[in-house]
Number of protein chains: 2
Amino acid sequence: MANDETRIQKNRRAQILDAGLEVFSADGFRGATLDGIARAAGLSKPNLLYYFPSKEAIYRELLDTLLDTWLDPLRALDPDGEPLEEMLGYVRRKLRLSRDYPRESRLFAGEILRGAPLIETVLGEELRHLVDAHCAVISAWMAAGRLAPSDPHHLIFSIWALTQHYADFEVQVAAVLGPERDRWAEAEAHLTAHFRRVLAAPSV
Amino acid sequence: MANDETRIQKNRRAQILDAGLEVFSADGFRGATLDGIARAAGLSKPNLLYYFPSKEAIYRELLDTLLDTWLDPLRALDPDGEPLEEMLGYVRRKLRLSRDYPRESRLFAGEILRGAPLIETVLGEELRHLVDAHCAVISAWMAAGRLAPSDPHHLIFSIWALTQHYADFEVQVAAVLGPERDRWAEAEAHLTAHFRRVLAAPSV
DNA sequence: CGTCTCTTTTACCAGACGGTCAAATATTTG
DNA sequence: CAAATATTTGACCGTCTGGTAAAAGAGACG
């Protein structure tokens with residue numbers, strides 16, 4: 001029932017969300033304009049507002065769906081796996097997320113930079129609980145001597161910071177490395193070796 | 001001659017730059033308004049424009065002075081010092097810069113996030129040469145077996161990413177850690193241990 | 001005191017921006 | 001086909017914003 005219409009609407013909405021992601025990630029919420037998003041989506045501004053009630057509504061929907069996919073790599077941590085490989089796998093998945101979805105990464109970074117006015121509660125509730133849960137797993141691994149001991153929270157921060165850096169600060173990385181080098185391949189090799197050294201249990 | 005007037009002007013200009021830093025770092029260039037900066041500076045908007053020709057002029061001056069102080073810790077690397085302590089000292093200086101000047105850190109991060117439209121050339125020239133020079137020093141240390149071998153460029157990226165993360169993503173760090181924990185003290189301890197493990201040469 | 005310069009304010013402008021409205025045009029449905 | 005509905009558009013509005021013009025203070029100096 002009314003499925004054809006729904007499909008048309010879904011297409012348009014997806015089209016608008018993609019345009020919004022493009023513009024919001026490049027210019028930030030305040031820097032982005034409805035005209036710019038409409039142009040990127042190939043629609044007129046009033047037409048765009050026929051599908052979304054406001055500029056903020058587009059932004060909010062982008063943020064909401066983003067948060068889910070953004071935390072997937074962390075959720076994929078397997079408490080029953082081999083600790084070192086699990087952690088290195090997490091690093092690799094997170095880095096590839098930055099490589100394949102740099103717009104999402106920058107959108108998120110911009111929101112946090114501005115003080116996360118729209119997702120403060122999400123950070124303090126959902127994110128915090130999720131991180132705490134996985135920190136418990138990591139702590140257990142460390143206590144069992146299967147990972148080098150350190151503060152699990154700050155360990156996770158270091159993974160976030162290092163992987164997102166390559167997306168969020170891409171122009172800086174590119175400027176310093178020059179155009180010839182393969183940033184992402186080098187990053188994956190470097191981060192793998194880096195975290196292997198940080199995480200590997202001292203003995204055995 | 002005319003030094004009194006100059007002193008008054010310098011005070012006003014400093015006042016405006018501080019207000020600009022406050023507002024620009026919180027809202028980004030496009031999000032900041034002249035009225036907001038004027039209010040933060042305790043001046044009227046036309047009075048503000050008596051000292052600076054435009055909004056962009058304030059932003060540019062902030063960026064220029066920022067870049068200098070931001071690279072000071074790197075310049076302080078001593079090629080004749082003890083490698084591990086030199087690198088750990090760099091990490092500590094950089095982290096304290098993030099702690100003591102979070103507004104500057106966020107201003108810079110925002111500019112890079114938006115593609116660094118105003119400082120692209122600086123990144124590709126000055127910054128790149130400075131980094132290359134210090135990478136040569138680090139490479140020499142590694143070749144001499146005094147530091148664990150890795151890619152010096154990515155090693156520097158990792159220091160930047162980890163230290164700036166605590167300033168640029170402060171709301172996220174605070175939300176995850178909760179209000180009681182001393183973020184900065186923990187960060188310094190964690191990063192010191194972290195990089196000691198990454199950098200320490202394997203044998204003796 | 002009067003003049004000259006430096007500083008500050010009041011009033012204002014032109015353009016951009018988020019959003020609305022009513023009419024026009026497709027599209028579906030009976 | 002016609003009626004009903006969904007979609008698109010052009011014209012428009014109030015507000016915000018960067019910036020300007022001109023005149024009113026405020027000291028400095030003779």
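For clarity, every value in this text was computed on a predicted model and none was experimentally measured. Every chain is numbered from 1, with letters handed out A, B, ... down the list of sequences.
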B:R12 vs C:dT8: side-chain N/O to OP1/OP2 distance below 4.0 Å: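 So the side-chain polar atoms of B:R12 do come within 4.0 Å of the phosphate oxygens OP1 or OP2 of C:dT8, strictly under.
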side-chain N/O A:R30 vs D:dT17 OP1/OP2, d < 4.0 Å: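 Yes, because at least one side-chain N or O of A:R30 sits under 4.0 Å from OP1 or OP2 of D:dT17.
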Taking [atom1] from [X] and [atom2] from [N], how many angstroms apart are they, rounded to a whole number?
X	N	atom1	atom2	result
B:D35	C:dC13	CG	P	17 Å
A:N11	C:dA26	CG	P	20 Å
A:Q9	C:dT28	CD	P	12 Å
A:R13	D:dT8	CZ	P	14 Å

Axis-to-axis angle between the two ends of the helix from C:dC1-D:dG30 to C:dG30-D:dC1 (five base pairs per end, rounded to 10 degrees):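 Angle reported: 0°, given to the nearest ten degrees.
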DNA chain D contacts among residues 36-63 of chain A, heavy-atom distance under 4.0 Å: A:S44, A:P46, A:N47, A:Y50, A:Y51
Sequence neighbours excluded, every pair satisfying ring pair (Phe, Tyr, Trp, His ring centres under 6.0 Å) that has a member inside residues 169-188 of chain B: B:H165-B:F169
Ring pair (Phe, Tyr, Trp, His ring centres under 6.0 Å) partners for A:Y59, two or more places apart: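 Counting only residues at least two positions away or on another chain, A:Y59 forms a ring pair (Phe, Tyr, Trp, His ring centres under 6.0 Å) with A:F24, A:F29.
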Would you give me the side-chain donor-acceptor pairs under 3.5 Å for residues 146-158 of chain B, sequence neighbours excluded?
residue, atom, partner, partner atom, Å
B:D151, OD1, B:H153, N, 2.8
B:D151, OD1, B:H154, N, 3.2
B:D151, OD2, A:R181, NH2, 2.8
B:H153, ND1, A:R181, NH1, 3.3
B:H153, NE2, B:D132, OD1, 2.8
B:H154, ND1, A:Y166, OH, 2.7
B:H154, NE2, A:E186, OE1, 2.7
B:S158, OG, B:L155, O, 2.5

Between A:Q15 and A:R12, a side-chain donor and acceptor under 3.5 Å: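 Yes, side-chain donor-acceptor contact under 3.5 Å.
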Distance-minimising heavy-atom pair for B:V23 and B:A40: CG2-CB, 4.1 Å
Closest non-hydrogen atom pair, A:R196 against A:L84: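 That closest heavy-atom pairing would be NH1-CD2, 4.0 Å.
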Partner set under salt bridge (charged side-chain N to carboxylate O under 4.0 Å, His left out) for B:R103, not counting sequence neighbours: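 Partners of B:R103 under the salt bridge (charged side-chain N to carboxylate O under 4.0 Å, His left out) test: B:D18, B:E22.
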Beyond-backbone contact of B:I58 with B:L17, side-chain heavy atoms, under 4.5 angstrom: yes
